[in-house]
Number of protein chains: 2
Amino acid sequence: MLTPKRKGSDYHHGDLKSAAVLAARNLIESGGQQALGIRRVAEKLGVTAPALYRHFTSLDELLYEVSCDVRAELGELMVTRRSEVHPSRDKRKYEIDKFRAIGDAYVDYAQKFPKLFEIAFIQHGEEKVGEYSELAWNILNESVENFVTLGITPKSKRATAPLVAWSAVHGLATLVANQSIASSDVPFFRESVMAGIEDSLLKKN
Amino acid sequence: MLTPKRKGSDYHHGDLKSAAVLAARNLIESGGQQALGIRRVAEKLGVTAPALYRHFTSLDELLYEVSCDVRAELGELMVTRRSEVHPSRDKRKYEIDKFRAIGDAYVDYAQKFPKLFEIAFIQHGEEKVGEYSELAWNILNESVENFVTLGITPKSKRATAPLVAWSAVHGLATLVANQSIASSDVPFFRESVMAGIEDSLLKKN
DNA sequence: AGATAATGTAAACAATGTTAACACCCAAGC
DNA sequence: GCTTGGGTGTTAACATTGTTTACATTATCT
């Protein structure tokens, strides 16, 4: 079988593997990592447990694939939000607005799907979490590059600026996701951190 | 029994509860969260599993107590490192050095005990992770307060500065702990972020 | 159509968290 | 003193889990 996907395919169960990942996603989203189980996923799909072992070698692998999906989804949300920013005549303002949009998207995701965000950045089994979520990382770097070419950020910071921005946004998102921040403080916390990051990038030095 | 602790006490097993928390700590430290198990802790202590249920209502509670210990340990490391900073005639330099010391301590801990750091900031069961680790948070705030009184940091940033510093350091520590950063890049990453934070605090605005 | 690989089921295993019933041991009461 | 009793630990059992083995079914290709 060289065509892994058929359209209305209805052989045994349809496309099980994807269905399993999605079911696992929903389980985690509503019950945390410990709500995930091979047998529970199987039951939710009307399938016996060993069937899943045709598509995943272990529970850890299933969890890992969910985490990959989540990181991808996170990146996609960032590009979507960035594309929704209204262009401005001021190129610098436009670029800054886009930067803010991708940061907000990152934190929004963590706030809306905290359990998913948590499992997305944890080592499961032996699988690596990947070079800090490549898509999201690339988007951020792109933004900072534009800052530099527009003269918003000094060239001297080209290498370090993405690192501090990434750390700050990721830290903020983490704290929001695990409810380290009282929910009433979240808006002010978010605004403060995002403003601080921009401020740090804008600095003339 | 109103005296919960005796010295050479040797009733049944000695002080089991503490021993269990410590054994659990070691299990997590060397095998991740999934290496923790009631039965494994029991075996490691030469005790049967149900004995532990005299001290913990569930595995989740044991894990929670470990996480509390870890957060406390993290705070203690910060005060220790801060106290080891050599005083300087320049009060500002001294304060900045201390600030750097507590930040470095935070990240050092995450790098040395990544698994422990990970479980310290995750919701387990229903227990809250606590208002962002009170001890560490207080230490950071104290530092920023001193910055403000010494005129290093503008008063306008007194409320927001700790938030961005906390986010950035915590994000950096998280990324180091879960190996999102290739180990060869860690030193540069750390230096960049720490410098960026200080730079953001020092800014005159 | 028949061979073959892909996909599913059924039954079993070892290990887990947890509980119930019983045994021990130390301290305090008459 | 002996007994009572609460704190502590053990044994046995249960339900549930991840995983494997053997078998059944279905889809696809020649």
Side-chain angles (χ1 to χ4, degrees), chain A residues 1-24 26-28 30-67 119 124-127, chain B residues 1-24 26-28 30-67 119 124-127:
Chain A
M1 154 117 44
L2 287 181
T3 61
K5 297 234 177 176
R6 287 292 299 245
K7 262 190 51 176
S9 53
D10 212 59
Y11 20 98
H12 274 131
H13 187 91
D15 185 358
L16 186 69
K17 182 163 183 174
S18 328
V21 175
L22 196 134
N26 293 338
L27 280 177
I28 296 173
S30 61
Q33 169 170 0
Q34 77 160 342
L36 176 64
I38 282 278
R39 285 179 129 110
R40 255 178 285 212
V41 171
E43 185 191 25
K44 213 169 178 181
L45 297 177
V47 162
T48 62
L52 296 172
Y53 284 85
R54 299 289 170 187
H55 305 275
F56 311 94
T57 76
S58 70
L59 176 64
D60 268 334
E61 187 175 302
L62 173 55
L63 179 58
Y64 173 72
E65 298 221 5
V66 174
S67 89
I119 65 104
H124 305 112
E126 301 305 319
E127 317 282 5
Chain B
M1 155 109 51
L2 287 180
T3 61
K5 295 237 178 174
R6 287 293 299 248
K7 263 190 49 178
S9 53
D10 212 59
Y11 18 100
H12 274 132
H13 187 91
D15 185 357
L16 187 69
K17 182 163 182 173
S18 327
V21 174
L22 195 133
N26 293 337
L27 279 177
I28 296 174
S30 61
Q33 169 171 0
Q34 77 160 342
L36 176 63
I38 282 277
R39 286 179 127 111
R40 256 178 286 212
V41 171
E43 185 192 24
K44 214 169 178 180
L45 297 176
V47 161
T48 62
L52 296 172
Y53 284 86
R54 299 287 171 191
H55 306 274
F56 310 94
T57 76
S58 70
L59 176 64
D60 268 333
E61 188 176 300
L62 172 55
L63 179 57
Y64 173 71
E65 298 221 6
V66 174
S67 89
I119 65 102
H124 304 113
E126 301 304 320
E127 319 283 5

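Per chain, numbering begins at 1; letters A, B, ... match sequence-line order. Every heavy atom of this structure was used, including side-chain atoms; hydrogens, water molecules and symmetry mates were not.
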Practice item. Look at the side-chain N and O atoms of A:His55 and state whether any lies under 4.0 Å from the OP1 or OP2 oxygen of C:dA6. Key: no
Could you give the [atom1]-to-[atom2] distance, from [X] to [N], as a whole number of Å?
{"X": "B:Phe56", "N": "D:dT8", "atom1": "CZ", "atom2": "P", "value": "12 Å"}
{"X": "B:Glu43", "N": "D:dT10", "atom1": "CD", "atom2": "P", "value": "13 Å"}
{"X": "B:Leu16", "N": "C:dC25", "atom1": "CG", "atom2": "C1'", "value": "16 Å"}
{"X": "A:Glu61", "N": "D:dT19", "atom1": "CD", "atom2": "C1'", "value": "14 Å"}
{"X": "B:Gln34", "N": "D:dG18", "atom1": "CD", "atom2": "C1'", "value": "11 Å"}

Check your understanding: Rounded to the nearest 0.5 Å, how far does CG of B:Leu27 lie from CG of B:Leu36?
Key -> 6.5 Å
Which atom of [X] lies closest to which atom of [Y], heavy atoms considered:
{"X": "A:Ala51", "Y": "A:Leu16", "answer": "O-CD2, 4.4 Å"}
{"X": "A:Val41", "Y": "A:Ala23", "answer": "CG1-CB, 4.2 Å"}
{"X": "A:Leu52", "Y": "A:Ala20", "answer": "CD2-CB, 3.9 Å"}

**Study point:** Heavy-atom protein contacts under 4.0 Å, nucleotides 13-18 of chain C, coded B base, S sugar-phosphate only, - none
**Key:** ---BBB
Practice item. Return the set of residues passing side-chain contact (heavy atoms from CB on, under 4.5 Å) with A:Ala49 (not counting sequence neighbours), or none when no residue passes. Key: A:Ile38, A:Arg39, A:Ala42
Check your understanding: Any donor-acceptor pair under 3.5 Å joining the side chain of A:Arg54 to the base of C:dG8?
Key -> yes
Point to revise | Non-neighbouring partners of A:Lys17 that pass salt bridge (Lys or Arg N to Asp or Glu O under 4.0 Å), sequence neighbours left out | key: A:Glu65
